[in-house]
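Step one of this worksheet: look at the structure below.
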Amino acid sequence: MADTIKKPLIPPREVHIQVTHSMPPEKVEIFKSLNDWADKNILVHLKQVERCWQPQDFLPEPSSDGFIEEVNELRERAKELPDDYFVCLVGDMITEETLPTYQTLLNTFDGVRDETGANLTSWAIWTRGWTGEEKRHGDLLNKYLYLSGRVDMKQIEKMIQYLMGSGMVRSLSHTSDEKRHEMAYTKIVEKLFQIDPDGALLVFEDMMRKKILMPGHFMYDGHDENLFEHFSAVAQRIGIYTAKDYADILEHLIKRWKVDSLTGLSEGGGGGEDRPRVCMHSCFKD
């Protein structure tokens, strides 16, 4: 009998998080009212396709007579790189290759979803454009790893399929494509703090109190149920991404959004004595 999947793929360790699947109508209206603002302030952070770099700009040209020589040169350079570097490259590439899952997740959010897949709202245009720009990273890393000869590509391909099948949770963090993308998301939250400080502060507090998960949290190779933790340990050890980096980012955002000096808050929204105060550096050792 042919192999069949009797139940959906699930993460090796299922994460239980209480999720609100819809926003109150007044919150949905806030996002709808910001469509024109997003057109002028957010879409400017996307580049036209013809102005974007493409993976092929950094890879040997297949149509060139010197293609084989260029590949051999790439492989020679790759031989000198430590194994830990390739662990991080593989983990990052697998995370980027799961972009269809991230776009699907964004389309579940009330107020910004792209119901038809081709909506012309600013939010829908941003989501599709962001996905297209981010996808280049996975394409470049995938082709580089393939040409380097340093990794087991079939095993990597299975890991990508595992991660996409495992899905994601909403309480996550994801690194931005470039500075342009970081600026766009920073401006969106900044605007929400301006027009709905109570709601924005409560959501920000809720996010900080929960464990924030990276998109690759459910990374799995068919054997190692702690694969993401092992990948993260390597990234931390060689300084690719550390707890201090995470703290620095949050400290920057807290200052940018002026969280500690918000005014006009109601008691329920954080205007009382127990108003949330966040200082991420106090959570980590230097």
Side-chain angles (χ1 to χ4, degrees), residues 11 13-34 37-38 42 95 98 101-113 123 126-127 130 166-176 181-218 228-229 232 241 243-284:
R13 290 172 297 158
E14 190 170 4
V15 176
H16 298 280
I17 295 178
Q18 183 177 357
V19 176
T20 300
H21 291 283
S22 61
M23 292 190 296
E26 63 272 17
K27 302 297 183 185
V28 174
E29 287 304 313
I30 288 176
F31 279 96
K32 289 183 178 179
S33 70
L34 289 176
W37 172 86
I42 302 302
T95 301
T98 320
T101 306
Y102 313 150
Q103 184 172 5
T104 299
L105 177 67
L106 290 172
N107 278 341
T108 67
F109 295 155
D110 287 345
V112 299
R113 64 179 57 171
W123 302 116
W126 168 262
T127 299
W130 172 85
S166 294
M168 307 179 62
V169 293
R170 293 191 181 198
S171 180
L172 59 88
S173 171
H174 188 7
T175 53
S176 295
H181 294 176
E182 182 268 333
M183 282 298 299
Y185 290 120
T186 299
K187 286 164 68 174
I188 291 170
V189 178
E190 185 176 53
K191 186 67 173 179
L192 291 175
F193 270 118
Q194 292 171 1
I195 63 178
D196 184 19
D198 281 342
L201 186 60
L202 288 173
V203 170
F204 183 61
E205 179 194 14
D206 182 62
M207 179 67 84
M208 292 298 97
R209 289 186 183 278
K210 292 175 179 176
K211 180 181 179 181
I212 298 178
L213 303 178
M214 298 300 288
H217 180 79
F218 293 150
F228 181 75
E229 284 77 6
S232 299
Y241 185 72
K244 187 177 184 301
D245 294 323
Y246 178 71
D248 287 342
I249 291 169
L250 287 178
E251 202 74 71
H252 162 73
L253 293 174
I254 290 165
K255 291 178 181 178
R256 167 69 186 259
W257 296 331
K258 301 179 176 63
V259 175
D260 281 348
S261 59
L262 290 173
T263 60
L265 297 171
S266 68
E267 289 293 322
E273 294 181 357
D274 59 347
R275 174 181 175 175
R277 298 278 178 173
V278 187
C279 182
M280 296 308 300
H281 278 290
S282 64
C283 302
F284 304 101

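Quick note: numbers below take in every heavy atom, side chains included, and nothing from hydrogens, waters or symmetry partners.
Within the 4.5 Å cutoff, the side chain of Ile249 has heavy atoms near those of the Tyr241 side chain.
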Inset, instruction - Show your working on side chain to side chain contact (heavy atoms under 4.5 Å, CB included) between Leu253 and Thr186 and close with a plain yes or no. - result: CA-CA 8 Å; Leu253 293 174; Thr186 299; 3.7 Å; yes
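Classified by interplanar angle (parallel below 30°, tilted 30° to 60°, perpendicular above 60°), the ring pair Phe204/Trp257 is perpendicular. Using the six-membered ring where Trp is involved, Trp126 and His181 have ring planes that are perpendicular, over 60° apart on the 30 and 60° scheme.
Residues Asn107 and Arg113 approach most closely at O-CB, 3.1 Å, considering heavy atoms.
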Would you give me the side-chain donor-acceptor pairs under 3.5 Å for residues 188-195, sequence neighbours excluded?
from: Glu190; atom 1: OE1; to: Arg256; atom 2: NH2; distance (Å): 3.1
from: Glu190; atom 1: OE2; to: Arg256; atom 2: NE; distance (Å): 2.9

Can you give each donor-acceptor pair under 3.5 Å made by side-chain atoms of residues 23-32, sequence neighbours left out, with the distance rounded to 0.1 Å?
from: Lys27; atom 1: NZ; to: Asp196; atom 2: OD1; distance (Å): 3.4
from: Lys27; atom 1: NZ; to: Asp196; atom 2: OD2; distance (Å): 2.5

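Expressed to the nearest 0.5 Å, how far CG of Leu201 lies from CG of Asp206 amounts to 11.0 Å. Note that CG of Leu202 and CE of Met207 are 13.5 Å apart. Values are rounded to the nearest 0.5 Å.
The side chain to side chain donor-acceptor pair (under 3.5 Å) test applied to Trp123 returns no partner, not counting sequence neighbours.
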